[in-house]
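Okay, so here's the structure we're looking at.
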Amino acid sequence: MKNLFNTLEKLKNKLVKTKDNLLGRLNILLKGKTKLDDTVLEEIREILYLSDIGYDITELIIQKLKENIKVNLEFKYEEVINLVKHELLLILEKGERHNSCFDYNNFKILDENRPKIIVIVGVNGTGKTTSLGKIAYNFKENNYHVLIAAADTFRAAANEQLTVWAKRASVEIIENKNTKDPGAIVYEALDKAIKNHLDVVLIDTAGRLHTKTDLMNELNKIIRIIEKKLNKKPDEIFLVIDATTGQNAVVQIENFLKYIPLTGLILTKMDGTAKGGVIFQIVDKFKIPVKFIGIGEGIEDLQPFDSNEFINAIFEN
Amino acid sequence: MFEELTLKLESAFKKIRGQGKLTEKNISDALREVRRILIDADVNYKVAKDFIEKVEKKSLGKEVIASITPGQLIIKIINDELIDLLGGTTSPLIISNTPPSIYLLAGLQGSGKTTFAAKFALYLKKTGMKPLLVACDIYRPAAVEQLKQLGKQIDVDVFYIDKKPEEIASESIRFAKSNGFNAVIIDTAGRLHIDEEMMSEISRIKEIVRPTESYFVVDSMIGQDAVNTAKAFHDKINYDGIVLTKLDGDTRGGCALSIRAVVNKPIKFVSLGEKLDSIEVFHPDRMASRILGKGDIVTLVEKAQNAFDEKEAKKLEEKLKSNRFDFEDFRDQLKIVKRLGSVSQILSLIPGLSSIQKNVQIDEKAFVKVEAIINSMTKEERRNPRILNASRKRRIARGSGTSIQEVNRLVKQFEEMQKMIKKLNNMDFKKAFRNFNLKIN
Ligand SMILES: Nc1nc2c(ncn2[C@@H]2O[C@H](COP(=O)(O)OP(=O)(O)OP(=O)(O)O)[C@@H](O)[C@H]2O)c(=O)[nH]1
Ligand SMILES: Nc1nc2c(ncn2[C@@H]2O[C@H](COP(=O)(O)OP(=O)(O)OP(=O)(O)O)[C@@H](O)[C@H]2O)c(=O)[nH]1
Ligand SMILES: [Mg+2]
Ligand SMILES: [Mg+2]
């Protein structure tokens, strides 16, 4: 990718902010301390909580610290940092899966089976359409034939918004001007992809709260249409999560999973000060990998997710 | 709204209640439980800690320990503190003496500003004002188009010119004045509070238009970061109020407490859905009582009053009194329920139901089915359900794409409802109807 270097630099710069706010604070906190006493533990607890990491994981890490570092005795600052890092990494590793037919570091498709289908879902306003535009652009940059399906037939100007993204990425789009049926749009896109031997079909769906049964059923129907037409599950179903989201993200995934087989997460708006800490719980509970992070509103502001890099970036000095 | 928070608090209080007499120890144990609940609900960690400390101090007073009903007293303390934290009394909408009243919206990306702008316009229109929507988001793809389409849906004019946001805003005010608009609602682009350029832009817009009120629009699913964002926006534009969006989901909405705690500004409105009439005035007392599991019957009644038009209500009342309620009326009522919003939304407002609701999967489709069945009846059958024999029911099932069992069940439930209505001599129809709703599921 010609812009890989640029993007990496950007990511680093953007994550610096995260570091300043998040566990980077641990550095500052721990450097002056020599004893791991209740006050220090409580401060660690506070930092973890304030990162949306949630009750269970925070208390787990505190527990581990207590087990491994003698309370009230001297400790080395690196020990604490490494232990927290290690625990967080262990959690993220639970989500790692290697069966994907994509290499997102290079946006390469790894097998011959065509067309590849990627469906983007999530609650309202998380960044589905924007992320889809970025993904389309990346595949297109590698000369794949990409088709976008505008299956959000509900939100005002969703079609127009996606059309702009299709233009930016220079890819084709099946618009929904003439139908309000997302299934029909998906069907049309698949038809076209098969006939023209296209490589990737990206399906944008309307934002929906996980509590709305009828809308969730609609999503399930879209997936079934794909399965029926192609005799396979979609290659990816990405749930998009806004990094500012709190504990509700956990319930969101739980509910989406009841209706559709998610394969990965996209964590957006990581360029803000929110920590996206809720992903630790999500990966821990549902073993779903984070595949991308969104770091801005531009077409290049998407990064493949890497657990090590993510945590290192958080702790980097 | 706050459904899970409500549920969890309910169970914590049950624990207190079960223990009978209170000691300092079990008060602080229970309160630790409450603290966890608050954190799980996304209340900022520090805010939750402060809150619990306050409650604890008050609870440890002799009055509580000596009380025969200490649990209830603590609940009252928590309730009062919550109301206090949420802002005390309802904050009125400010309307300018010199029209137009100008309202400026700001917030993070995707928080629901544009949708709220349209909802707010419709809300003002219903009060008899003539609002103008102004599209100042020149960045997000099709943002202007989005506002235009929403404006069209509610028949409100949308102002846009191909210029910088500051200029669009200032010209919109001139336009409003010379064209008789008495309210101007300015939709702006989503922005990060750490984006200095964009933050100075919103601050410039504010200086130029001098809004009657400016609102910070925030997604109620937001986590711990809410305080940082709310504060940064406040520092920059010193907004007058807060709008909480997407409360139609099951978010515990703890950010409402957090934000109130860090910026001393009232929550003005809540937004509860994608439909443009799903907007409500925020009531701190109701919200607090809702958190504590007492439900929000007042909102429900107000909603019902809005949806029922006077004449219809009178007609219905007469029918009920004379026991002439038939499937025709029933169908009308279904329409009203639809107008009220989603069924689950309505149920969440009824005291004591928040816990039931967790277990009952509210299938909105059940209502679609019921309506289909009724629609497949002839007028005569609707008027006089007694003539529904087996062959008629078979026809209805076929016509509505349902089964004969489903038709039977509906008829049976309807008969029960009629019986119930007979029992209720006065206008307690809503209750009867409510029971019916639950049975369908
Ligand atoms: N700062 C920042 N903004 C983002 C990012 N991703 C998306 N956005 C912005 O978030 C807002 C919502 O993005 P959309 O892509 O429209 O979100 P969506 O999930 O498709 O929304 P609905 O279809 O309405 O549910 C837009 O203003 C985007 O520009 C990101 O990574 N960082
Ligand atoms: N369920 C639900 N969805 C909402 C609510 N308010 C807004 N939305 C949806 O949330 C998404 C984002 O809403 P917008 O109004 O576009 O948000 P915005 O703040 O204008 O977004 P940007 O301009 O990109 O910053 C859309 O899909 C809306 O339909 C609400 O109260 N409930
Ligand atoms: Mg979208
Ligand atoms: Mg907008």
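To find a chain, count down the sequence lines: A is the first, B the second, and so on, and within it residues start at 1.
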Calculate, to the nearest 0.5 Å, the distance between atoms [atom1] and [atom2] belonging to [X] and [Y] respectively.
X	Y	atom1	atom2	answer
A:N124	B:D219	CG	CG	8.5 Å
A:T244	B:N228	OG1	CG	11.5 Å
A:E297	B:R191	CD	CZ	10.0 Å
A:D271	B:D195	CG	CG	8.5 Å

I'd like to verify something: which residue of B:L192, B:D42, B:I39 has the highest number of heavy-atom pairs under 4.5 Å with chain A? B:D42

Are B:E274 and A:R155 close enough for a salt bridge, meaning some N to O gap below 4.0 Å? no

Between B:R36 and A:E59 (salt bridge meaning N to carboxylate O under 4.0 Å), is one present in this structure?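 No salt bridge links B:R36 with A:E59.
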
Counterpart residues, side chain to side chain donor-acceptor pair (under 3.5 Å), relative to A:T129 (two or more places apart):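 Counting only residues at least two positions away or on another chain, A:T129 forms a side chain to side chain donor-acceptor pair (under 3.5 Å) with A:D204.
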
Chain A contacts: which residues in residues 141-148 of chain B have a non-hydrogen atom closer than 4.5 Å to it? B:P141, B:A142, B:E145, B:Q146

Which atoms of A:V278 approach chain B - backbone, side chain, both or neither, heavy atom under 4.5 Å: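 The answer is neither part of A:V278.
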
Side-chain touch B:Q149/A:E160, heavy atoms, less than 4.5 angstrom: yes

Answer yes or no: is there a side-chain heavy-atom contact under 4.5 Å between A:R45 and B:Y45? yes

Any idea which heavy atoms bring A:K269 and B:Q109 closest together, and the distance?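 Nearest heavy atoms, A:K269 then B:Q109: NZ-O, 2.9 Å.
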
Please report the closest heavy-atom contact between B:L150 and A:A156, naming both atoms and the distance.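 Residues B:L150 and A:A156, closest heavy atoms: CD2-CB, 3.7 Å.
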
Flag the one option from A:T126, A:T268, A:L209, A:V164 with the top tally of heavy-atom pairs under 4.5 Å to chain B. A:L209

Is there a side-chain hydrogen bond (donor to acceptor under 3.5 Å, both in side chains) between B:D225 and A:T273 once you walk through the steps? CA-CA 7 Å; B:D225 198 44; A:T273 54; 2.9 Å; yes

What part of B:K49 gets within 4.5 angstrom of chain A, counting heavy atoms only: side chain, backbone, both, or neither? side chain

